[in-house]
**Student:** 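Below is the structure I would like to discuss, written out as structure tokens.
For clarity, every value in this text was computed on a predicted model and none was experimentally measured.
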Amino acid sequence: MKKWVFFLLLACGLTAVPVGAAENSSAEDGWTFLQICFAPGVPSDSATVPVNGVKVGAPISDGARVNGVEGAVFYAGSREVNGLQGSLIAAAADTVGGLQLSLFNQVRDCCGLQLGIVNMAEGKSFQIGLLNYVKDAWIPYFPVINFKF
């Protein structure tokens with residue numbers, strides 16, 4: 001039991017320290033390798049500190065930029081993801097460069113693949129799912145596969 005408490009405290013401590021930030025610089029200048037989010041804005045630096053590594057939503061994550069992997073139990077919602085964004089229920093972002101994987105996916109632009117039951121995109125995307133929607137595509141609603149480049 002003591003080991004679990006130690007690792008939990010260590011993980012919480014790592015999420016609060018932006019790596020590479022100078023003492024007198026803003027949070028936008030730094031980044032962190034590991035970040036654990038519990039709700040939108042909890043911890044408070046999750047909305048502004050970029051992640052170059054792993055962002056975990058236990059159960060919900062949101063925030064700025066993720067270069068790497070963002071995974072959440074219920075909802076993954078960082079604004080920009082370069083890598084993998086996934087959740088059991090829903091994933092949403094402004095831009096995704098890589099893979100967005102969830103039951104429900106929503107993105108403005110996806111340079112990669114959306115894989116889920118319902119996929120929605122406003123701009124370019126390649127989608128595989130039961131119902132796919134791309135706003136300005138040749139055929140906006142289409143089952144199984146839809147795309148706009």
**Student:** Please give me the minimum heavy-atom distance between Q35 and V51, naming the atom from each residue.
**Tutor:** OE1-CG2, 3.5 Å
**Student:** To check you understand the geometry: which heavy-atom pair defines the closest contact between V134 and N146, and what is its length?
**Tutor:** N-ND2, 3.8 Å
**Student:** Hey, what do you get for CD1 (I89) to OH (Y75), rounding to the nearest 0.5 Å?
**Tutor:** 13.0 Å
**Student:** Answer yes or no: is there a side-chain heavy-atom contact under 4.5 Å between L115 and L99?
**Tutor:** yes
**Student:** Is V107 reachable from L101 through a run of I, L, V, M, F, W or Y residues, each pair having side-chain heavy atoms under 4.5 Å apart?
**Tutor:**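 In one cluster with L101: V107, no.
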**Student:** Under 4.5 Å side-chain heavy-atom separation, chaining through any Ile, Leu, Val, Met, Phe, Trp or Tyr, what else clusters with F142? Say none if it is isolated.
**Tutor:** W138, I139
**Student:** Are V69 and L113 connected into the same hydrophobic cluster when the rule is that any two of I, L, V, M, F, W, Y join if their side-chain heavy atoms are below 4.5 Å apart?
**Tutor:** yes
**Student:** Quick check: closest heavy atoms across K55 and D62, and the distance to 0.1 Å?
**Tutor:** NZ-O, 2.6 Å
**Student:** Using a 3.5 Å distance criterion without hydrogens, assess whether the side chain of T95 forms a donor-acceptor pair with backbone atoms of E80.
**Tutor:**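 No.
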**Student:** I'd like to know if I128 and L130 are part of one continuous hydrophobic network [Ile/Leu/Val/Met/Phe/Trp/Tyr, side-chain heavy atoms within less than 4.5 Å].
**Tutor:** no
**Student:** Quick check for you: to the nearest 0.5 Å, what is the distance between S87 atom OG and N105 atom CG?
**Tutor:**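 S87 atom OG to N105 atom CG measures 9.0 Å (nearest 0.5 Å).
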**Student:** Donor-acceptor pair, distance only, cut-off 3.5 Å: does the side chain of R108 make one with the backbone of A121?
**Tutor:**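 Between the backbone of A121 and the side chain of R108 there is no qualifying donor-acceptor contact (under 3.5 Å).
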**Student:** Let me know which of D45, V49, V54 forms a side-chain contact (heavy atoms from CB on, under 4.5 Å) with T32.
**Tutor:** V49
**Student:** Could you give the distance from CG (N119) to CD1 (I145), rounded to the nearest 0.5 Å?
**Tutor:** 11.0 Å
**Student:** Please report the shortest heavy-atom distance between N67 and R65, naming the atom on each side.
**Tutor:** ND2-NE, 3.4 Å
**Student:** State the NZ-SG distance between K148 and C110, to the nearest 0.5 angstrom.
**Tutor:**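 The SG atom of C110 is 13.0 Å from NZ of K148, to the nearest 0.5 Å.
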**Student:** From M120 CE over to Y141 OH, what is the distance, rounded to the nearest 0.5 angstrom?
**Tutor:** 6.5 Å
**Student:** Return yes if some donor-acceptor pair links the side-chain N/O of N82 with the main-chain N/O of G98 below 3.5 Å, else return no.
**Tutor:** no
**Student:** Spell out, yes or no, whether I60 and V96 are grouped together once hydrophobic residues are joined by side-chain heavy atoms under 4.5 Å, including indirect joins.
**Tutor:**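 Hydrophobic grouping puts I60 apart from V96.
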**Student:** Specify the closest pair of heavy atoms between A91 and S102, including all atoms of both residues, with the distance to one decimal.
**Tutor:**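 Heavy atoms only, the tightest pair is N-OG, 3.6 Å.
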**Student:** Same hydrophobic cluster for V81 and I36, using side-chain heavy-atom links shorter than 4.5 Å among ILVMFWY?
**Tutor:**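 No, it is not one cluster - the side chains of V81 and I36 are not joined through contacts under 4.5 Å.
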**Student:** I need the minimum non-hydrogen distance between E70 and S78, along with the two atoms involved.
**Tutor:** OE2-OG, 3.0 Å
**Student:** To the nearest 0.5 Å, what is the distance between CG (L88) and CZ (F74)?
**Tutor:**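 So the gap between those two atoms works out to 8.0 Å.
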**Student:** Only counting residues at least two apart or in another chain, list the ones meeting ring-ring contact (aromatic ring centres under 6.0 Å, His included) with F147.
**Tutor:** F149
